[in-house]
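First up is the structure itself, then whatever we jot down about it.
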Amino acid sequence: MTEPLLSVRGLTIDLPPGSDRPHAVENIDFDLHANEILCLVGESGSGKSLTAAAVMGLLPQPSVKPSAGELTFEGRNLLSLSEGEWRQLRGRRLGMIFQEPMTALNPVMRVSDQILEVLQAHGEAGGMGRVMELLNAVNLPDPERLRAAYPHHLSGGQRQRVMIAMALALRPTILIADEPTTALDVTTQAQILALIRQLQSERQMGVLFITHDFGVVAEIADKVAVMQHGRIVELGSKHQVLEAPRHEYTKRLIAAVPTLDPPDRRPLDRAPTVLSVKGLGKTYKTAGGLFRPKRIVDAAKNVTLSIRKGETLGLVGESGSGKTTVGRCIIRLIDSDKGRIDFHGVDLNAFKGSALKPYRKRVQMIFQDPFASLNPRHKVGDIIAAGPIAFGTPPADAMKRAQDLLQLVDLDPVVVDRYPHEFSGGQRQRIGIARALALQPELLIADEPVSALDVSVQAQVLDLLADIKRRLNLSMLFITHDLRVAAQVCDRVAVMYQGEIVEQGSTAELFRHPTHPYTRKLLDAIPGKHWRTRAHA
Amino acid sequence: MRDFWQRYRRNKGAVVGLGLLIFVVLVAIAAPIIFPASPWEMAGAPFQRPFGEYPLGTDMLGRNVLSGIVHGARVSLMVGIISTIVAVALGLTFGALAGYFGGIVDDALMRFTEFFQTIPSFVFAIVLVAIFRPTIYSIVAAIAVVSWPPVARLVRGEFLSLRRREFVQAAVVIGESHLKIILTQILPNALSPVIVMASLMIASAILLESALSFLGLGDPNMMSWGYMIGASRSVIRNAWWMSTFPGIAILVTVLALNLVGEGLSDAMNPRLARKGRA
Amino acid sequence: MGRFDYVARRLLKSVAILLAIVVMNFLLIRMAPGDPASVIAGEAGAADAKYIAQLREQFGLDQPLTTQLALYVGGVVQFDLGFSYRNQRTVASMVGERLPATLLLTVTAFVLAIGIGVGLGVLAATRVGTWADSLVTVAALGFYATPLFWVGLMAILLFSVNLGWLPAFGMQTLGSQMTAGERAVDVARHLVLPATTLAVFFVAIYARLTRASMLEVQDMDFVRTARAKGLAPARILRAHTLRNAILPVITFAGIQAGQLVGGSIVVETVFAWPGIGRLAFEALLQRDYNLLLGVFFLTSVMVIAFNLITDLVYSMVDPRIEVGA
């Protein structure tokens, strides 16, 4: 075995007093070798990002600081370096890329200058010519045009490529990547992962890759370290950790990752149609001015879909595909420009304002963000009872029903008097579900209901939704960007691309035999797509 | 509420400010008890130096400077508070309508607001008070008219962002009316920055009132700090105390209000009250 | 292309606001208690019925309101701001001759305020929690709470009356023979106290704003990126933190323009500085409404011009402007 590039021994990072635990990271050991990608994987709050920051010397000191352990790199203990010595290492020997390509670049500086800055800071020759080479190396189109570009001219994926060019400008031996693809769409993610893989093997780099996504781990890792509550609970080769996990927590996490094999479902061809959308269109125009051309975006174009009683239709697509617009048009949060929205044969588009109210109770919505979807100043009971009260139910009865609903979503009914901030993300999402159910709807529109949740919580909420849907025989429009979730939850799936539904069909059929090129591209881009499907096949 | 006080107390300046403010308010309330006589009345010989028979001396007409300051506190606080209430009411209404309904309503109201924000506010206040004659009503109205635009912009911004928040959309989906959504869902969440701004606005309204009465645009029947300074500035070379002490009174009151405003801001937005805010 | 559009839009908006101010001026003079003719006649010192009737005709007050408005707007477009009966001169010529003094005062104060304020803000933000930070913060709080006219009076008391260092009144020493150079020094000496007085309040504002903005930007992701690149602290401060933290300060400088001009009225009154602020005070004493509205119009023009300049500067320092706005 060769000498590791980086050797971490007994690293402990303190949290400020008054935090929910004393150490963010507690006594962890791992080695990173050359030509190897080590994935640090864990749920939010596991300490994985702080570990990365510690290796880079970028902890938010003095509130968070390493209190014990050694980080040995090139014969030196990084924890004993002065700020000046750190500066020599950063950028030159250690490169880092971050999660949010939108905010990680200086918005008022040309991206070429931001790369050039790295060369200049470390007294490296080459100037703009070298910058152009670097932009070429990360496969950015038309580097000459990029010379004058500012970050806001670039897409998310292009910005992440610029970040990579910047981090690798001086050929560091270690690249630290902190959730570098989490903010990106799945097809962009696949490209960035491939790029990191390619550059890593060309340069024989060691990569410390932080992620919460086991699909990404399956795609890119050589070795895996699983973190929980600041400790590494399992460390091994990718194959060992993913296929034969030893620790209970790892097993639980992996079991919670939905597989891409759609389960068999009973056909619903006989059930009556609840919702039928025909030729739905929604166009956004930015008002033109005297000197400004109008900009027109077709958020939804000729969308046609239908949902039967008891059926779940998945609406999948990347950000900006129009899937959320369609959901909001159906529930009439926004007005569509064209088409019909027939609910039990009545066109909802024909109603406006209070005329719509009778239908409000029959179609309900579950929102994405468990922290933004509950009014922080209202008690849980009031939040759930508000709907029935708006429809004339006496408050006492509505409150009684709120308690029953809390029980239905596996929460203790006594929590009616608490405020939302006392609950975790998963619990809040249960409250959101209870609110939607309070009006006894027939159709639920769920807009990315689990995408803000950790994978283990995600599995619980999905189980709950499936259970309730079956018990109450609800129909559901399930909007998601996550094809793994769609495969498990939906009876049928519609794929959206640039405002249009490009393909629609039963989940099993669509996942096994996609016909449209975009659907294929989308399925192809799923990280870790071969992992676990083989095992089941 | 206990939490709120705990967080407020962490800002030492804010605690000092609150103490000062309570003192000024008590003085204003007790003014007729401390000095039952009118502050306009001659109390003794003119041009008496301070720290003698009269703690802060007398002015060129023999009026007691301390009595003027104590009675002036009533005028300053009253003008500050009433004009702020009017301005906040205006700003809340315009801002809430613009932010909630958006579109043309927003465009029209914001053009209107922008206009009032562009014109030089102090000059506009002078023009208003001069044309409508200086009375306590015209002064309060003028200060309110030039002070509401920032409130409207703030409230509009809050409403715009809260309007898009999922809990508001959820309220639409469960069939609540516009009025109920504005009053019970959005307004309570938009209120804390408005309260902070209001406390700072009382301070700037007091400064504005003092500047108006310094220029001779005060209500001729009411003793105010700005008037005292304006009336005595021609004798500043031989009677420094007449303009110095009322100025200190303004400084203390305005400073107290600003400190309280910052304390409220820290206590209401615990996440923003980060490192190093004094 | 983007910047041209932006500037053109701003120009159009400025013209619209100016027009609105003219209309409002027209309405204000008619909303004043009493008949405008008798108000004007009162100003002119003769209130007999015949004179009032003559005034009515002269100002078209017997015409319908819309015609009057058209006449008024037409006049303002040709820079006819009316007539000051007290002074028997046109308002335009009076405010015009006072403009340079006010510009000298406000521009000097503005440059001082931005320079010192931003400097102090950066100083405080880079030394959070030290005595320097506390000093800047406390001083800023104090000056932010102090009325300008009082600062001016106290400055006169200290530097002019007690120490005798600087002149307290006017813009130049009258009646003495001086070369151009000596005169410049003389004006500069007269300028020190009023300009500093006017600047002090704004120094406090910009120092607080810069400090807060710097602290906010310091926590942003791209500053972390800059550190991860191994840049020197001075480079991070200049090219990344300050470069972004200055943006809200520029925006605010535009918003504050009106306050600066308003403050100059008080300061000019205190220091007998012969600008339009002092003119406004004189107009107030004489109840000369035409003159007062002329001052209001001109100060509005100044503020709008100042806003245009700050918008222009902003569009040059923030490359994102071409998409937004």
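Reminder, nothing fancy here: chain letters follow the sequence lines and each chain counts from 1. Note that the structure is predicted; figures quoted are calculated from it, not measured.
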[Y] and [X], any side-chain heavy atoms less than 4.5 Å apart:
X	Y	value
Ile248(B)	Trp150(C)	yes
Phe281(C)	Ile126(B)	no
Leu215(B)	Thr269(C)	yes
Ile21(C)	Phe115(B)	yes
Leu207(B)	Leu148(C)	no
Ile119(B)	Met24(C)	yes

Can you tell which part of [X] gets under 4.5 Å to a heavy atom of chain C, answering side chain, backbone, both or neither?
X	value
Ala203(B)	neither
Leu217(B)	side chain
Leu128(B)	side chain

(message) With rounding to the nearest 0.5 angstrom, report the CD to OG1 distance, Glu262(B) to Thr137(C).
(response)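 OG1 of Thr137(C) is found 9.0 Å from CD of Glu262(B).
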For [X] against [Y], the heavy-atom pair lying closest together:
X	Y	result
Asn258(B)	Ala145(C)	ND2-CB, 4.1 Å
Ala211(B)	Val266(C)	CB-CG2, 4.3 Å
Thr299(C)	Val123(B)	OG1-CG1, 3.7 Å

(message) Do Arg133(B) and Tyr289(C) form a cation-pi contact, if we require the NZ or CZ to be under 6.0 Å from the six-membered ring centre and within 45 degrees of the ring's axis?
(response)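 No cation-pi geometry.
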(request) Name the member of Phe214(B), Phe122(B), Trp225(B) that forms the most heavy-atom pairs with chain C at distances under 4.5 Å. (result)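 Answer, by heavy-atom pair count under 4.5 Å with chain C: Phe214(B).
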